[in-house]
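Contents: one structure, followed by commentary.
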Protein chains: 2
Amino acid sequence: MLNEQTTAAPRDCGDCPIRHRAVCARCEADELKRLDELKYYRSFEAGQTVIWSGDHMEFVGSVVTGIATLTQTMEDGRTQMVGLLLPSDFVGRPGRDAAAYNVVAITDMVMCCFRKKPFEQMMNETPHIAQRLLEMTLDELDAAREWMLVLGRKTAREKIASLMAIIARRDATLNLAGIDKPIVFDLPLTREAMSDYLGLTLETVSRQISALKKDGVIHLQGKRHVTVPDFERLLEEAGDDSDGGMLA
Amino acid sequence: MLNEQTTAAPRDCGDCPIRHRAVCARCEADELKRLDELKYYRSFEAGQTVIWSGDHMEFVGSVVTGIATLTQTMEDGRTQMVGLLLPSDFVGRPGRDAAAYNVVAITDMVMCCFRKKPFEQMMNETPHIAQRLLEMTLDELDAAREWMLVLGRKTAREKIASLMAIIARRDATLNLAGIDKPIVFDLPLTREAMSDYLGLTLETVSRQISALKKDGVIHLQGKRHVTVPDFERLLEEAGDDSDGGMLA
DNA sequence: ACCTAACTTTGACCCAGATCAAAAACCGAA
DNA sequence: TTCGGTTTTTGATCTGGGTCAAAGTTAGGT
């Protein structure tokens, strides 16, 4: 699997790659110092389960590097991905004891963790943390609702295009490559993980990716490396209106 | 349509039916007093659109009485409900200018509104409001994710049973009638609204309701009045595990 | 290099739910 | 109490995506 970075954990918050996007983004120097004393790093290998749904959670934290999925499973094994956790995303819910979802690392991953109790304590005393967490939670809620439209009303082809668009957009944001040039990225997900995200079977995912490729909407080198020659075209295929609804 | 309460707006926060569940739930007397000066009531008729997606929003607020839906629409008219707004639910997003969804009153409805700017101002100065809003947003995020599983992985029959279970549970919570007795409630939604919620056609909704009725899972008087003789049975039909995952 | 296990693609067939169509039930207004 | 529009039910048929099966591809380990 992808093993992009065997990053050593940053020793200091000042060096942290997610410093300005994570739950600590608004903290002042003194607040950061307090957090610094609370935090510890944990590494997970690709494929490793971070938390099982229903388990007691003794920590919350942020994804520093790598990618994880948030999934829900029914007794008969049907599973639905309900979130994709990227660097800076927050894991866990302050004020809740039991995990509501499975969290699985899909690449090697490093998390910046805080024991739950002290973090909750600090959150009560530090509006900057609670404010940022609210903002992040509202963003996640918007993303979840956007995904409800995808799951409830889009065709298989539109679903695949929507997923590609989301990943492409994220990469465009990170790499600042401008949206007019061809966008190039690696799919972080297996076909099976995509099917869990999109509410499809992996066979349908494979077929629709082949179809989009045949129609020139995307270009593949290998199974995972994707080029999008025309982002507008991809958005049309996704059924989104042309501006894509991105907000600051 | 349902016209349950032609409630006069409560003149004072002390009399407010949603005082202890809404965004103001944690406010102290002095904080409440400040909010009181900011607030104004607006009434909407059944069927009236409260906000159009994309519109500038000059207010945020709480549903006091009545029910509204939050929907997303594609250009070709496909629509997906992404939330059901019940009394005490919050409408609008502090820090965002344009509405992201359509909000439509489906019964007569009264909202307690605040002009957005002053409310944001007050939120910054009043941790109790921000804390409660965070809590409510986290709950909504959980609800949205539960719904992603319904939309992505459940069959039509399971979807209907899931919807009934959600409404039944809400009524059980409000009416405190105990979960062992038969549960009785009125569907607040038309078949079409249900189909928009569940990602189905209204014909399929109708057929599956008939099927659940024939199989004795639910009982109907008229089109809207539902009796659930055995809630456990309903949960099985919904594909949920028996405990239903309710948390405080 | 080769082997193995995981991942991916492709094909053939089927079915749950969509679509198209029409009848029935309901509700409020005149 | 009847009328007209809305909501709901039911029927017939079609189809997108699921299921089952098998073959192809890829990457890491020895």
Side-chain angles (χ1 to χ4, degrees), chain A residues 1-4 6 45-48 74 76-80 104 106-108 150-163 186-214 218 220-226 237 239, chain B residues 1-3 45-47 74 76-80 106-108 150-163 186-214 218 220-226 237 239:
Chain A
M1 209 133 296
L2 299 187
N3 227 341
E4 340 180 346
T6 314
E45 290 178 10
Q48 200 181 344
M74 297 170 68
D76 62 8
R78 281 177 281 174
T79 85
Q80 175 64 52
V104 179
I106 60 169
T107 64
D108 289 347
V150 172
L151 291 173
R153 292 304 186 189
K154 291 195 178 178
T155 64
R157 170 182 263 243
E158 288 170 333
K159 285 178 173 183
I160 297 291
S162 298
L163 179 58
D186 283 300
L187 288 173
L189 303 173
T190 65
R191 301 292 186 258
E192 187 183 31
M194 287 188 245
S195 73
D196 285 341
Y197 205 176
L198 297 167
L200 297 170
T201 59
L202 83 180
E203 293 95 328
T204 298
V205 169
S206 182
R207 274 188 254 270
Q208 295 298 336
I209 289 180
S210 298
L212 287 177
K213 177 174 140 191
K214 181 164 65 65
I218 60 174
L220 285 181
Q221 289 111 334
K223 307 295 179 189
R224 299 288 195 90
H225 192 74
V226 179
E237 292 286 353
Chain B
M1 210 132 294
L2 301 185
N3 227 341
E45 290 179 10
M74 296 171 67
D76 62 8
R78 282 176 282 175
T79 84
Q80 176 65 51
I106 61 168
T107 64
D108 289 348
V150 172
L151 291 173
R153 291 305 187 189
K154 291 195 178 179
T155 63
R157 170 182 262 246
E158 289 170 332
K159 284 178 173 182
I160 297 291
S162 298
L163 179 59
D186 284 300
L187 287 173
L189 303 174
T190 65
R191 301 291 187 259
E192 187 183 30
M194 289 188 245
S195 75
D196 285 342
Y197 206 176
L198 297 166
L200 297 170
T201 59
L202 83 180
E203 293 95 328
T204 298
V205 169
S206 180
R207 276 187 251 271
Q208 295 298 335
I209 288 181
S210 299
L212 287 177
K213 179 174 138 192
K214 183 164 64 66
I218 60 174
L220 284 183
Q221 288 112 333
K223 307 296 181 190
R224 298 289 194 90
H225 193 74
V226 180
E237 292 287 354

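All of these numbers come straight from a predicted model, not from anything done at the bench. Chain identifiers are assigned alphabetically (A, B, ...) following the order of the sequence lines, protein sequences preceding nucleic acid strands; residue numbering begins at 1 within each chain.
What separates CD of Glu192(A) from P of dT19(D) is a distance of 13 Å, to the nearest Å. As rounded to whole Å, 10 Å separates atom P of dT9(C) from atom CD1 of Ile160(A). When the C1' atom of dA25(C) is taken as reference, atom CG of Leu220(B) falls 14 Å away, rounded to whole Å. Asp76(A) places its CG atom 15 Å from the C1' atom of dG18(D), with the value rounded to the nearest Å. Rounding to whole angstrom units, CD1 of residue Ile209(A) and C1' of dT25(D) are separated by 15 Å. Lys159(A) places its NZ atom 7 Å from the P atom of dG18(D), with the value rounded to the nearest Å. Regarding Leu187(A), its CG atom lies at a distance of 16 Å from the C1' atom of dT26(D), rounded to whole Å. Note: CG (Leu202(A)) to C1' (dA21(D)) measures 13 Å, nearest angstrom.
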Could you run down the sub-3.5 Å N/O contacts of the protein with nucleotides 15-22 of chain C?
{"residue": "dG17(C)", "atom": "OP1", "partner": "Ala156(B)", "partner atom": "N", "Å": "2.8"}
{"residue": "dA18(C)", "atom": "OP2", "partner": "Thr201(B)", "partner atom": "N", "Å": "3.4"}
{"residue": "dA18(C)", "atom": "OP2", "partner": "Thr201(B)", "partner atom": "OG1", "Å": "3.1"}
{"residue": "dA18(C)", "atom": "OP2", "partner": "Thr204(B)", "partner atom": "OG1", "Å": "2.5"}
{"residue": "dT19(C)", "atom": "O4", "partner": "Arg207(B)", "partner atom": "NH2", "Å": "2.9"}
{"residue": "dC20(C)", "atom": "N4", "partner": "Glu203(B)", "partner atom": "OE2", "Å": "3.2"}

Side-chain atoms of residues 201-209 of chain B: list all donor-acceptor pairs with protein atoms under 3.5 Å, sequence neighbours left out, distances to 0.1 Å.
{"residue": "Thr201(B)", "atom": "OG1", "partner": "Thr204(B)", "partner atom": "N", "Å": "3.3"}
{"residue": "Thr201(B)", "atom": "OG1", "partner": "Thr204(B)", "partner atom": "OG1", "Å": "3.0"}

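Within the structure, a side-chain polar atom (N or O) of Arg224(B) is placed less than 4.0 Å from OP1 or OP2 of dT8(D). Ser206(A) has no side-chain polar atom (N or O) that falls below the 4.0 Å cut-off from OP1 or OP2 of dT10(C).
Here the closest non-hydrogen pair linking Lys154(B) and Ser162(B) is NZ-OG, 3.1 Å. Ala46(B) and Asp108(B) make their closest contact through N-OD1, 2.7 Å (heavy atoms, listed as atom of the first residue, atom of the second, distance).
Between the two ends of the helix from dA1(C)-dT30(D) to dA30(C)-dT1(D), each summarised by a five-pair axis, the helix axis turns through 40° (rounded to 10 degrees).
Remark: Thr79(A) engages Asp196(A) in a side chain to side chain donor-acceptor pair (under 3.5 Å) (not counting sequence neighbours). For Lys223(B), the side chain to side chain donor-acceptor pair (under 3.5 Å) test picks out no residue, with sequence neighbours left out. Residues meeting the side chain to side chain contact (heavy atoms under 4.5 Å, CB included) test with Thr155(B), sequence neighbours left out: Arg78(A), Arg157(B), Glu158(B).
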Stepwise side-chain contact (heavy atoms from CB on, under 4.5 Å) check, Asp186(A) with Val226(A)
CA-CA 6 Å; Asp186(A) 283 300; Val226(A) 179; over 6 Å; no
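Judged by distance alone, with hydrogens and angles left aside, the side-chain atoms of Gln48(A) form no donor-acceptor pair with the main-chain N or O of Val104(A) at under 3.5 Å.
Atom-to-atom distance recorded for Leu187(A):CG and Ile218(A):CD1 is 7.5 Å, nearest 0.5 angstrom.
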